[in-house]
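The structure under discussion appears below in the form of structure tokens.
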Amino acid sequence: MFKVIKQEGRARRGRFLCAHGGEVQTPVFMNVGTQGAIKGAVSAHDLKALKCQIELSNTYHLHLRPGDEVVRALGGLHKMMDWDGPILTDSGGFQVFSLAGLRKITEEGVTFASHVDGRRIFMGPEESMGIQSRLGSDIAMAFDECVENPAPYDYVKQSCERTVRWLRRCKAEHDRLNALPDCVNPRQMLFGINQGGTYEDLRVWSMQESAKVDCDGYGIGGLAVGEETAVMYRILDVTLPHAPEDKPRYLMGVGTPSNIIEAVWRGVDFFDCVMPARNARHGKLFTWSGSLNIKNEKYKLDERPIEPGCGCPACRSFSRAYLRHLFKAEEMLAMRLAVMHNLWFYNTLMERIRDALDAGEYDAFRAEYSRKVEERI
RNA sequence: GGGAGCGUUCCCGAGUGGCCAAAGGGGGCAGACUGUAAAUCUGUUGUCGACGACUUCGGUGGUUCGAAUCCACCCGCUCCCA
């Protein structure tokens, strides 16, 4: 399923096999399409043109709309959105965090007030697995609690212990569902999730316990939720040595280009983040020499592409000045082009990370770009 | 020709004696955004040698301790009747 083909320090260059789309080259960035579409009017077909290897969707959102039974009736998520590559579904654990004002947590699971219509919905490990099974994704994420930061030690301890108990329930239910004769995707895999906030002992414990459950990969959750970047890196430093070597590690929801470069260095293989798409919608675009706000007045007459030499659909044809105009005029095309640029940038970033690892020059790559991509141009 | 209104800072538009450099939108300028309740949110937007000062509410003159607010005339615009 997963094979590390080259290693430099803790950084890994690998290959991962999925039911759909064949081999995934890692390190990889998964492009986020929460509701089965990338926000900004970008389709699965566009993702292909943007060098996307894996798409990510959300259990909670698709359960609310259109409903996982509807998706199943439509032949599963791949068929519905016409994407034949791998799909990872997030379990809804992040919504336990982001919809904090609208939920209640017990050992059984979490009761949410739907943000769509306010109705009560219950989701526990079994429910999340059931929904993800009906969606037919290639990778299901375990149902966890993404704890806010900061949070007291005692709460984080009890929460991450419960997340481990939930993982065992997820695993049992996942195996049962995959064996059913009418399973949408019987080759669906399951990733466990490490939690523990900013407490190193809890992180290590969580990783060790999760590793005892036979998962296809392990997510590192609950990071980049307000803590200092240095704290996130330290958690990766102390936690990843306890993750199984032969399974992929997925740093959930992270992050900036620099975060990714640094996390790869610490042994992470999978990433996802709303940042490239959301920032693009808001006019912040990434380049190899830093980020820029295309809405700024200084681009009014700038006839250069966002990034000279970039091969994305926006840069191949359009100027900064035109893109700025489209943003100012609130044309949909502005967001679409901007999102495509940022996703292309992220997917290209991963490509270059892989190339550097293949060449055994990752340390040099990291030294050159980790700081540079954070600058403001 | 007769009658009734209106003119506010880039725009629209509140304000009808002091608490008004003047509400609220829009527009402009800038910032934030990390497993997406986000095409969202925040700041700022008269000038300056700036915890104070100066200029501004069509124009001019007046009343008043004090005027965007009251009075007179003038300019411009709108509507109704002829």
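Each chain gets a letter, A, B and so on, in the order its sequence line appears, and its residues count up from 1. These values consider heavy atoms only, across backbone and side chains, with no hydrogens, waters or symmetry-generated copies. Computed from a predicted model, the values in this text were never measured in an experiment.
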When you check the phosphate oxygens OP1 and OP2 of [N], does a side-chain N or O of [X] lie under 4.0 Å from one of them?
| X | N | answer |
| --- | --- | --- |
| A/Thr256 | B/U34 | no |
| A/Asn58 | B/A37 | no |
| A/Gln35 | B/U36 | no |
| A/Asn293 | B/A30 | no |
| A/Lys284 | B/U40 | no |
| A/Arg281 | B/U36 | no |
| A/Arg324 | B/C29 | yes |

Query raised in the report: Does any donor atom in the side chain of A/Asn58 or A/Gln95 lie under 3.5 Å from an acceptor atom in the other side chain?
Result: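 Distance-only check passes for A/Asn58 and A/Gln95.
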
Report task. Starting from the 5' end of RNA chain B, give me the residue, A/Thr34 or A/Lys295, whose nearest nucleotide shows up first. Result -> A/Lys295

Query raised in the report: When the nearest nucleotide of RNA chain B is assigned to A/Lys300 and to A/Val225 on a heavy-atom basis, which residue is associated with the more 5' position?
Result: A/Lys300

Ionic contact status for [Y] with [X], cut-off 4.0 Å:
| X | Y | value |
| --- | --- | --- |
| A/Arg169 | A/Glu173 | no |
| A/Glu209 | A/Arg168 | yes |
| A/Lys48 | A/Asp84 | yes |

Requested in this report: For A/Gly40, answer base if it contacts any base atom (sugar-phosphate contacts may also be present), sugar-phosphate if it contacts only those atoms, and nothing otherwise; contact means non-hydrogen atoms under 4.0 Å.
Outcome: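 Here A/Gly40 touches no strand at all.
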
Query - Any donor-acceptor N/O pair under 3.5 Å between B/G35 base and A/Gln195 side chain - result: yes

Query raised in the report: For A/His282 and B/U40, are the ring centres under 5.5 Å apart with planes inclined under 30°?
Result: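 So yes, this residue stacks on that base, both cut-offs being met.
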
Query raised in the report: Whom does B/C79 pair with, Watson-Crick or G-U wobble, provided both distances fall under 3.5 Å?
Result: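 Paired with B/C79, as far as the under-3.5 Å criterion goes, is B/G3.
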
**Report entry** Residue A/Met335, side-chain atoms from C-beta onward, closest of B/U36, B/A39, B/C29
**Finding:** B/A39

